[in-house]
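Step one of this worksheet: look at the structure below.
Treat the numbers as computed from the prediction; the structure is a model and nothing was measured. Proteins come first, then strands; the chains are lettered A, B, ... in the order of their sequence lines, and each starts at number 1.
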Amino acid sequence: MWKVAAWNVNSVKARLDRLLAFLERENPDVVLLQELKCEEPNFPYEGIGNLGYSAAVFGQKAYNGVAIVSKEPATDIVRGFGDGGLDEARFISATVQGVRVASAYIPNGQAVGAEKYHYKLEWLARLRRHLGAHYQSNQKFLLGGDFNVAPEDRDVHDPEAWRGQILFSDPERAALRDVCGFGLDDTFRKHHGEAGHFSWWDYRMLGFPKNRGLRIDFLLATPPLMEACHSARIDRDERKGTLPSDHAPVIAEFKL
DNA sequence: ATGGCTACGATCCGTAGA
């Protein structure tokens, strides 16, 4: 089985012990990381290297930062959308074991109507254009990461409270559907249809103990890869204990 | 216990996340 995870670690430096423990515990073939919050030279190459992993990294100081951690070294690494524009470190793609994979950290948006909200919607539109220009949905392609959008009511602990709010507004959800319209489906929903599964809980207000969460982190796959997907889950236990990330890893297994 | 945020970068608080 080919095992892949996507995880917003909220600082790879602050979460290094947990990342290494995750690699040892889960033994994934690929981990798509978001929110490294470090520049590329400061990525913990040595720590993951001791466990047999290498990484393709697109970092920046203090904010954002994405990586593709893999047992088999990634090739044909592209940082950003490859269109020459100056970018925040939010997208990286590479080939691992013959499969094209990408790690994405979609902008948060801050608040509906804010400048960052419009940036978020434009970023999602740009992602959709990038996919159409560089990929084909009849080929195996995996897009994982923190999308900062909850797709449906069943992905939100209190849909009526969140309706129209940031992370759950109609334009954000439409923009995510448009990205998936390229030919991507949610590996988690292939295997679990019920409500109440979340990947993020606010650090504040007892979000996790009260299970007030959202499902905003996904592993999205094209049809040929979706057919090969045998299981998917969210590693909710990773959110427990001392100083967790506010996001839990999402995991999927494929029979390539 | 799964418990009232956390990380960063610049100072001893402000900004950002979602």
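Checked against a 6.0 Å centroid threshold, the rings of A:W123 and A:F81 count as neighbours.
Distance A:D246 CG to B:dG3 P: 14 Å, rounded to the nearest Å. For A:N42 and B:dG9, the CG to P distance is 9 Å, given to the nearest whole Å. Nucleotide B:dA7 holds its C1' atom 8 Å from the CZ atom of A:R15, rounded to whole Å. Distance, A:R204 CZ to B:dG17 P: 12 Å, rounded to whole Å. Atom CD in A:E115 sits roughly 12 Å away from atom P in B:dG17 (whole-Å rounding). Straight-line distance from the CG atom of A:L36 to the C1' atom of B:dA16: 16 Å, rounded to whole Å. Straight-line distance from the CD atom of A:E35 to the C1' atom of B:dG17: 6 Å, rounded to whole Å. The distance from atom CG of A:N10 to atom C1' of B:dG17 is 8 Å, rounded to the nearest whole Å.
The residue among A:M205 and A:I216 whose nearest nucleotide of DNA chain B is located toward the 5' end is A:M205. Take the nearest nucleotide of DNA chain B for A:A14 and for A:D202: the residue whose nucleotide is more 5' is A:A14.
Within a 6.0 Å sphere centred on CD of A:E46, heavy atoms belonging to other residues, nucleotides or ligands number 12 at most.
Here, B:dA16 and B:dA10 have their C1' atoms 15 Å apart, quoted to the whole Å. Going from the P atom of B:dC12 to that of B:dT6 covers 22 Å, rounded to whole Å. Comparing the P positions of B:dT11 and B:dT15 gives a spacing of 12 Å, expressed to the nearest Å.
If you check B:dA16, B:dT6, B:dT2 against the side chain of A:Y203, the one that comes closest is B:dT6. Considering only side-chain atoms of A:L243, the nucleotide from B:dG17, B:dG3, B:dA7 that sits closest is B:dA7. Listed nucleotides B:dG17, B:dG4, B:dA7 differ in distance to A:L206; the shortest reach to its side chain belongs to B:dG4.
A:K37 has no side-chain polar atom (N or O) that falls below the 4.0 Å cut-off from OP1 or OP2 of B:dT6. Put simply, A:S11 has no side-chain N or O that comes within less than 4.0 Å of OP1 or OP2 on B:dT6.
In summary, A:E40 and A:R79 engage in a salt bridge, as defined by a charged side-chain N under 4.0 Å from a carboxylate O. With respect to A:E238 and A:R25, a salt bridge is recorded, a charged nitrogen being found less than 4.0 Å from a carboxylate O.
A:K210 comes within 4.0 angstrom of no nucleic acid atom, judged by non-hydrogen atoms across all strands. Residue A:I166 is out of contact with every strand shown, counting any heavy-atom pair closer than 4.0 Å. Using a 4.0 Å heavy-atom distance criterion, A:G109 is classed as making no nucleic acid contact. Using a 4.0 Å heavy-atom criterion, one finds that A:D217 contacts no nucleic acid atom at all. Residue A:R212 is out of contact with every strand shown, counting any heavy-atom pair closer than 4.0 Å. At the heavy-atom level, A:F198 lies nowhere under 4.0 Å from the strands shown. Nucleic acid contact class of A:K116 (heavy atoms, under 4.0 Å, all strands): sugar-phosphate only. As judged by a 4.0 angstrom heavy-atom cut-off over every strand, A:N211 is placed among residues making no nucleic acid contact.
Below 30°, between 30° and 60°, or above 60°: for A:F198 and A:H157 the angle between ring planes is above 60°, a perpendicular geometry.
A:T222 and A:Q139 are not linked by any side-chain donor-acceptor pair at a separation below 3.5 angstrom, with hydrogens and angles left out of the test.
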